[in-house]
Amino acid sequence: MKFVSLDLHNWRSFHGHNRIDFATEADRPVTLLLGPNGSGKTALLNAFTWVLYGKFTEGFDYHDHLVNLEAIAADSSAQASVELVFYHESDEFRIKRTTDARRQVTDGETDLVVTKNGARATEIDVHRILPPVLKDLFFFPAESFSTASILKGETPGDGTSFDIGTAIRAMLSGDVYENAIADLREAIGSSALKPPMNYRDETVETARRAYEQARSELNAAEERREVLPALTAQARESALKAKREAERYNPEEMRKWESRYKELDRSVKEAEQLVSRTNSVYIELARRSHMHFSQCAVATAIARLDLAETAGLMPPRIHQHVLEKTLAKQTCLLCGEHLTRAGEARVSALHARVADAEIAIRGVEIRTRLKQYLTLLANELTSLRQEVTELAALLDVDVPDDSSDMKILASVVRTCLDVADRVHAQAKREFEDFVSASDANMLPQGHNPVEIAMVKQALVDKLDSESEKIDGVIVDLKGRVQQLFSDYEKKSGKTREYARKTRAISILQESMEYFEKAKTGLERFGREDFEKAINATYSDLVKKEFNIAVGADFSIKVFVAGTTERLPLSQSEKVLLLIAFLGAIARLAPHYEKIARLGDQLKDTGGVETSQKHGFPVVLDAPTSPLDDEYEIEVVRALPNLLPQVIVPVSAKSVDVWARISKHVGSTYVMELTSKSATNRTVSWNGKDFTYSTQDDDVAPARTRITRIS
């Protein structure tokens, strides 16, 4: 896909008709627009978003003043329009949006005309190629380069401020799965699957109400999970901007706040770990409580068996069958002598004391096993005693001695539990008191920026915490729903008609679970594609050994290649990483558009390879504005390697730097500003001077004219 041209007619400061023909050659992909402050660089960026989506970038003010003021002064019914022409594969699209002086103020209504290869088309045809969710990625405003953060770090507020998961699903037409899930969810709760009209059974009704309540809670949790990434991204971006504002207000105070914040947050996490560890030890002691009772019983049994051995009862000294035959024959089977009366009495007495041989042997075996069990108990008790000792020392509780039994250990752990709970409660209270000094809704006008940053960061933390727990909550709710539904289904089987309805619900639930898994897989494989794409894109921009890791939440970290060592980035490298971030999405876009068109989302996603030869255009408004001169050159040299088409509005202060890549610039324009407050200036490009701004007392407030200079 490539933009061909943009026509502006009385759009904001652009008086009359202005046209831009974009660079489309592979070796000259950059379109450069040079303009002074106030000439309309941000307005130009918003001309793209307005014509495509009817929307604007953040920070673009006065949405009800789109028609050029000079044009309105000449004609109160003056119109403003923007027309964009672009090619996608072999098709030419034209999209033109128009408004007038009256409608822009009253209702913001516009006229939209879309054609595809000269035939009428719809806005939907354009949005299939350029989904609205990508507006803030393909059209990136200057102020965002100084505030956006995509690196996942340890400082509060760090992490991506873009909902990339939603963007990827949008490019892949993931709304197919989302719509299917929504439709199935609605069908499950439809009146058609409610009980028969004349059915009355309180047992079944109770089961149904319990199931439907659990299902309602699950639906709410799943819907909340869907919106959390966008809410968190917005909150994080807002918190980062507030932090930067606070740093300008009082950098030292903000640094102290961050240091204290991290210290208290770390204390809460450590206290939570202590409570969790103490609970685990207590549970393990409970599981082993039988040891206290079995130890005495086993020792007593072993003593009894030892006594039996000492008495000659086990194992027997002579087999009972020998004694029985001796008594029967009245002759000793061992020596052959005839038994006397005294001998017979002794043999009878011995027979009475000799146990059954098999029982005696079992007694020996059991004693061996009991001794092994006693040894195992002793080892386990030693291990538990050591763990309790370490825990007690950690919590400054009296440690048990080496002879402590299970009762004493349990007593020590109960004390540890009390102490750990107190430590956790104290740490949590200190943290909450710190971050909740004031409420976001109660902040008076003009409150100091540091406290505003604290409140906004508290919201980010709250959303982050909710995001971490939401999957577990949903898993628990699903288990509860399944359990309650099984009970409901079983009880409703008394009538055939009712049983058919619950069976239908079961089938719908299975179908919904399939689409949920498909949607989850789509995002997981999309994350893998994005990780490969951003690594490839950054490699094209910066020739360094590194590896970019994209987390499950699409947070980003940079490591030294082949290691787990975090890579510190310079300011220019951070800007390049942000540009690579945008470029990775733009490089994925044409592949994903094709995958979605062919319906191969679950087949091809996860294996997409990207390169700078394929990608949708991006408009980067003043990307080097936050950089010092030494870093600006590095970023400018890298941009031609980003995508097949890059459009960059910049100020003339950087013209010498951009001249270094003039061989890669296919089209160059000057956005000439004329106003009362302007000064007469020129800008030099390829050895020629061009009018850059003009002072004119008759022009109010300002007028901009776009002129091609190469």
| message | Can you list everything that forms a side-chain contact (heavy atoms from CB on, under 4.5 Å) with Pro132? Sequence neighbours excluded, please. | response | Tyr53, His127
| request: If a pair satisfies side chain to side chain donor-acceptor pair (under 3.5 Å) and one of its residues is in residues 590-604, list it, with sequence neighbours excluded. | output: His88-Glu593, Glu89-Arg597, Asp529-Tyr592, Glu593-Arg597
| Who are the side-chain contact (heavy atoms from CB on, under 4.5 Å) partners of Gln612, not counting sequence neighbours? | Asp540, Arg587, Asn641
| request: Not counting sequence neighbours, which residues clear side-chain contact (heavy atoms from CB on, under 4.5 Å) with Glu528? List them please. | output: Arg524, Phe525
| task | Using the salt bridge (Lys or Arg N to Asp or Glu O under 4.0 Å) rule, pick out the option among Arg708, Arg681, Arg705 that qualifies with Glu672. | result | Arg705
| Where do Leu112 and Glu123 land on the side chain to side chain contact (heavy atoms under 4.5 Å, CB included) test, with the steps shown first? | CA-CA 8 Å; Leu112 182 68; Glu123 190 177 27; 3.7 Å; yes
| task | Enumerate the residue pairs fulfilling ring-ring contact (aromatic ring centres under 6.0 Å, His included) with a member in residues 669-710, sequence neighbours excluded, ordered by first and then second residue. | result | none
| field | Carboxylate-amine/guanidinium proximity below 4.0 Å for Glu531 and Arg527 | value | yes
| So which pairs with a foot in residues 10-35 pass ring-ring contact (aromatic ring centres under 6.0 Å, His included), sequence neighbours left out? | Trp11-Trp50, Phe22-Phe48
| Non-neighbouring partners of Lys96 that pass side-chain contact (heavy atoms from CB on, under 4.5 Å), sequence neighbours left out | Ser81, Glu83, Thr98
| field | Residues in side chain to side chain donor-acceptor pair (under 3.5 Å) contact with Asn10, at least two apart in sequence or another chain | value | none
| field | Which residues share a side chain to side chain donor-acceptor pair (under 3.5 Å) with Ser13, sequence neighbours left out | value | Thr704
| message | By the ring-ring contact (aromatic ring centres under 6.0 Å, His included) test, which pairs, at least two apart or in different chains, include something from residues 545-576? | response | Tyr538-Phe546
Result block: side-chain N/O donor-acceptor pairs under 3.5 angstrom for residues 646-663, not counting sequence neighbours:
unit_1, atom_1, unit_2, atom_2, d
Ser654, OG, Glu632, OE2, 2.5
Ser662, OG, Ala659, O, 3.2

Name every donor-acceptor pair, under 3.5 Å, that has one atom in a side chain of residues 35-43 and the other anywhere in the protein, sequence neighbours excluded.
unit_1, atom_1, unit_2, atom_2, d
Ser39, OG, Pro36, O, 2.7
Lys41, NZ, Gly35, O, 3.0
Lys41, NZ, Pro36, O, 3.2
Thr42, OG1, Asp621, OD2, 3.3

| Side chain to side chain, Thr537 and Leu643, heavy atoms closer than 4.5 Å | no
| Between Thr24 and Lys2, does a side chain to side chain donor-acceptor pair (under 3.5 Å) hold up when you go through it step by step? | CA-CA 7 Å; Thr24 57; Lys2 287 186 179 179; 5.5 Å; no
| task | For Thr110 and Arg97, run side chain to side chain donor-acceptor pair (under 3.5 Å): C-alpha distance rounded to whole Å, both residues' side-chain angles, the deciding distance at 0.1 Å, then the answer. | result | CA-CA 6 Å; Thr110 64; Arg97 194 179 294 271; 3.1 Å; yes
